[in-house]
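Encoded as structure tokens, the structure appears first; notes follow it.
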Amino acid sequence: MNRNGAFSKAFNILFCAFMLAPIVVVLGVSFTPEGFLEFPPSGISLRWYEAILDNPDFIQAAWISLQLAFAAATVATLLAIPAALAIGQSRFRGRDALQAIFLSPLMVPTVVLGIAFLRFLSLFGLNGTFAGLTACHAIIITPFILRLVLAAVTGLDMSAARAAESLGAGRWTVFRRITLPAILPGVVGGWVLAFITSFDELTVTVFIVNPSTTTLPVRMFSHITQTTDPLVASVSSVTVIFSLALMILVDRLYGLDRLLIGEGKKA
Amino acid sequence: MAFLTLDGLTKRYGEVTAVDSLSCSVEKGEFVSLLGPSGCGKTTTLQMIAGFEQPSAGHIRLGGRDLAAIPARERGLGIVFQSYALFLHMTVRENVAFGLEMRKVAKKELKARVERALELVHLGALADRYPRAMSGGQRQRVALARALVIEPELLLLDEPLSNLDAKLREEMQLELRRIQREAGVTTLMVTHDQSEALAMSDRVVVMDGGQLQQVDSPFNVYETPRCSFVSTFLGKSNNFAAMLESRDATGSVLACNGVTLRGPVAHLRPGPAEIAIRPERIRLAAPGEGLLRGTVQERVFLGAQWMLAIDTPLGGFLVARPNSGAQEVEIGAEVGLDWSPADMRILPAGEAA
Amino acid sequence: MTSRPWLLSGPALTLFGVLLLVPLAMTFVLSFNSFDFYEGIIPTASFANYAEVLGDGYFWEIFGRTFAIAAATTAICALIGVPQALILYRLSPAWRSLVVLIVIGPLLISVVVRTLGWAILLGNRGVINTALMDWGLIERPFRMMYTSGGIVLALVHVFVPFMVLAVWAALQRKDPATEAAAESLGASSFTIFRRIVLPQAMPGILSGSLIVFSMAASAFATPAILGGRRVKVVATTVYDEFLNTLNWPLGAAIAMLLLISVMAVMLAWNRLVERRFGEGLQ
């Protein structure tokens with residue numbers, strides 16, 4: 001049923017154009033043969049993609065970002081699953097407070113989180129270490145996973161776990177064979193969302209990296225604030241393609257809207 | 001010694017007592033129903049037997065052992081949940097095999113037992129389907145097969161038919177009873193549906209307000225209810241407050257709203273009482289004849305029978321009349337009501353109108 | 001039994017306690033310390049940093065600009081996000097998944113990349129100015145880089161998906177038959193929108209506004225790239241204090257003031273919403 005009139009259709013097209021414009025521009029600029037930001041490009045050239053290969057800085061930063069996102073998303077998922085089971089499956093004193101604590105990184109301005117982590121890590125000499133970065137990223141992305149896993153846990157039919165228990169399954173077996181498979185879409189969706197969030201994180205990370213652990217967004221940010229050459233556009237384009245691929249994968253797997261709302265159903 | 005014994009079983013949630021010192025027993029091979037309105041404590045009782053709730057007081061004994069210290073997963077009971085609780089990510093076969101896997105049953109035997117269980121519920125052909133793709137009745141059978149395949153000492157059914165539509169429910173009543181007989185398993189069913197309880201059980205345990213009201217065969221709870229609640233909860237009944245004036249070995253005399261009625265042998269002392277008469281035991285007579293005079297207020301056709309609402313000096317009566325093919329009395333007609341004293345039940349004074 | 005939830009959430013709670021609550025508390029303490037260029041951080045306890053910030057018009061201007069940008073971003077997001085959510089809600093499923101990808105997908109693309117796109121579009125020799133000059137609509141470039149307006153435009157792009165999502169989620173929760181019911185009672189389509197759809201979308205609009213406002217008030221990357229040193233906001237000021245001036249106590253005080261003011265706005269907003277709409281919002 002499409003009950004949108006002509007005005008709505010026009011609005012929809014303009015809105016979509018607005019959303020796509022900056023991304024299309026970045027993709028377009030990355031193919032320029034010139035040495036400056038130019039759109040539309042005067043020709044098609046892979047010059048600035050080849051330039052990435054000559055810049056080990058960007059490649060190393062991308063590698064660190066991938067490792068960091070993988071480690072942080074995994075740590076956060078391992079912590080969030082039991083926490084979501086606790087919050088979603090039982091009623092106890094302090095439950096609401098617990099949930100508020102785990103969601104609080106969404107409420108505190110990121111710049112405040114950044115300096116808090118900087119202050120803490122530098123006191124213990126952990127500033128710029130991979131372990132420190134992983135722990136801080138894990139905290140920032142835990143709310144995203146927790147929300148998705150929690151939605152999956154609360155939608156769970158508790159009697160399935162009870163049925164398994166009555167058939168002789170122990171707690172761990174119930175979790176592994178019944179609960180985990182049932183919440184798996186939420187867990188995978190949460191992991192991917194957390195991975196992307198960590199991979200793209202700038203505001204907190206900019207405070208707590210050192211030159212040897214600089215992540216891709218931080219490298220790109222400092223590059224943009226210093227010079228304006230199309231190199232950063234070609235690097236951006238690669239990350240856009242990467243995000244797009246993940247996005248389509250997630251949409252097929254879980255539904256993009258569900259992933260980002262953290263609720264609702266898809267048939 | 002009975003097979004399953006509940007002894008003073010009590011469950012309190014803070015101030016609320018959900019189950020109040022319930023004592024009853026189930027014999028081996030028997031099919032017993034826990035019947036009552038919602039909130040009567042029947043489901044809580046089932047949860048305690050299953051091991052999902054801890055009793056506040058009392059004991060549950062199964063085959064001589066006390067279940068108190070045994071966790072749910074070691075009780076070895078077969079349970080069919082109201083929602084069926086099927087494992088949606090497993091096929092029918094995997095669902096049924098799960099309990100046997102937990103028992104580490106050898107591959108070959110497991111396969112054979114799953115096959116047999118699926119045959120028992122007539123699902124052999126659908127073994128590799130996923131539950132999502134099945135109808136309500138089929139899911140119900142999967143749940144049953146999964147519970148029976150572990151050869152439980154006791155089968156617990158929690159409102160097993162409530163998610164099915166009316167026609168399927170009647171079919172499944174017979175089917176469930178057949179499967180239970182074939183498997184020979186002792187069964188306790190929780191239900192709020194009195195016709196389901198009457199049709200399927202060897203004995204019915206009627207509960208209300210957390211307390212046991214009556215335990216008896218379906219015929220007896222219907223025919224000789226022991227209290228006002230049981231008489232009205234199972235089937236329809238015309239109940240009126242009355243005064244038991246005298247009784248002897250041949251019968252009794254009651255006064256009810258100025259009308260003197262003869263009743264059966266009473267086990268109560270003379271004093272306030274309640275009378276109950278089933279709608280189908282009342283005969284219509286010509287006006288002025290019979291025990292009471294009345295006016296037909298409402299007439300409802302139910303297919304096999306008519307249901308009449310008749311206004312009398314005692315109050316409103318429901319009268320059921322078999323559909324004999326002839327035209328039934330019209331609304332507004334004057335009629336006489338008659339019944340034999342043996343069809344009247346005398347109950348302890350209750351809260352009837 | 002009762003200890004099980006704590007056991008399960010224990011690992012996460014430990015991480016959050018050690019690495020979130022303690023650092024925030026330490027930052028709060030830091031804001032009362034003082035700073036000397038040669039000696040570094042001196043563990044004093046005074047309100048000097050707060051007095052400096054609150055007594056300086058320069059900081060007032062930065063805070064004022066930050067909240068003005070956040071408020072404008074929120075208003076525009078509501079203005080264009082609500083109709084878009086409604087359009088999305090009414091689209092056929094096939095079109096919807098495409099439009100969802102376009103509208104919400106950018107959330108998964110780095111803010112740095114999206115802001116770079118806006119820098120290319122908004123520059124004096126950028127796409128928009130070049131096009132307008134080519135068409136002869138303007139003679140000299142219209143300045144959009146290094147202005148609050150440019151920052152708002154890019155922030156709307158960054159945050160409007162959250163508004164669309166919040167409103168769309170609210171619309172999905174409503175009974176689709178309510179519109180048909182209103183129509184059967186004789187309501188015009190405008191009345192249906194105003195009396196039936198909008199009130200039911202209201203919880204989404206309000207929660208979406210809250211999300212957008214709080215994120216826009218503490219946004220860093222977009223104002224840093226599009227505003228540079230000329231258009232400073234609170235987040236970029238904190239960044240400069242910490243990583244350039246190295247006056248951490250002053251930076252901590254500015255950050256705490258940001259935290260407190262954002263929290264205050266959120267609480268006031270919640271209070272207002274509760275009083276205005278009461279139990280109608282679930």
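So that the names make sense, note that chain A is the first sequence line, chain B the second, and so on, each numbered from 1. Here the structure is a predicted model, which is why all the values come from computation and not from measurement.
Contacts between B/I150 and chain A at a heavy-atom distance below 4.5 Å involve the side chain alone, from C-beta outward. Using a 4.5 Å cut-off between heavy atoms, B/E94 makes no contact with chain A at all. Heavy atoms of A/S166 lying under 4.5 Å from chain B belong to its backbone as well as its side chain. Using a 4.5 Å cut-off between heavy atoms, B/F81 touches chain A through its side chain atoms alone. B/A50 does not touch chain A: none of its heavy atoms, backbone or side chain, sits under 4.5 Å away.
Per-residue counts of heavy-atom pairs under 4.5 Å with chain B were compared for A/G170, A/A182, A/G168; the largest is that of A/G168. Interface remark: of the candidates B/M102, B/M90, B/E74, B/M102 forms the most heavy-atom pairs closer than 4.5 Å to chain A.
Side chains of B/L161 and B/D193 form no contact here, defined as non-hydrogen atoms less than 4.5 Å apart. The side-chain heavy atoms of B/L67 and B/R75, taken from C-beta on, include a pair separated by under 4.5 Å.
With 3.5 Å as the limit, one finds a donor-acceptor pair spanning the side chains of A/S159 and B/S83.
More than 12 heavy atoms of other residues, nucleotides or ligands shown are found within 6.0 angstrom of CE on B/M134.
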Next item on the list: Would you please test B/S162 and B/Q82 for side-chain hydrogen bond (donor to acceptor under 3.5 Å, both in side chains) and show each step?
Entry: CA-CA 7 Å; B/S162 62; B/Q82 185 170 8; 3.2 Å; yes
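In this structure, A/W191 has its ring center closer than 6.0 angstrom to the ring center of A/F70.
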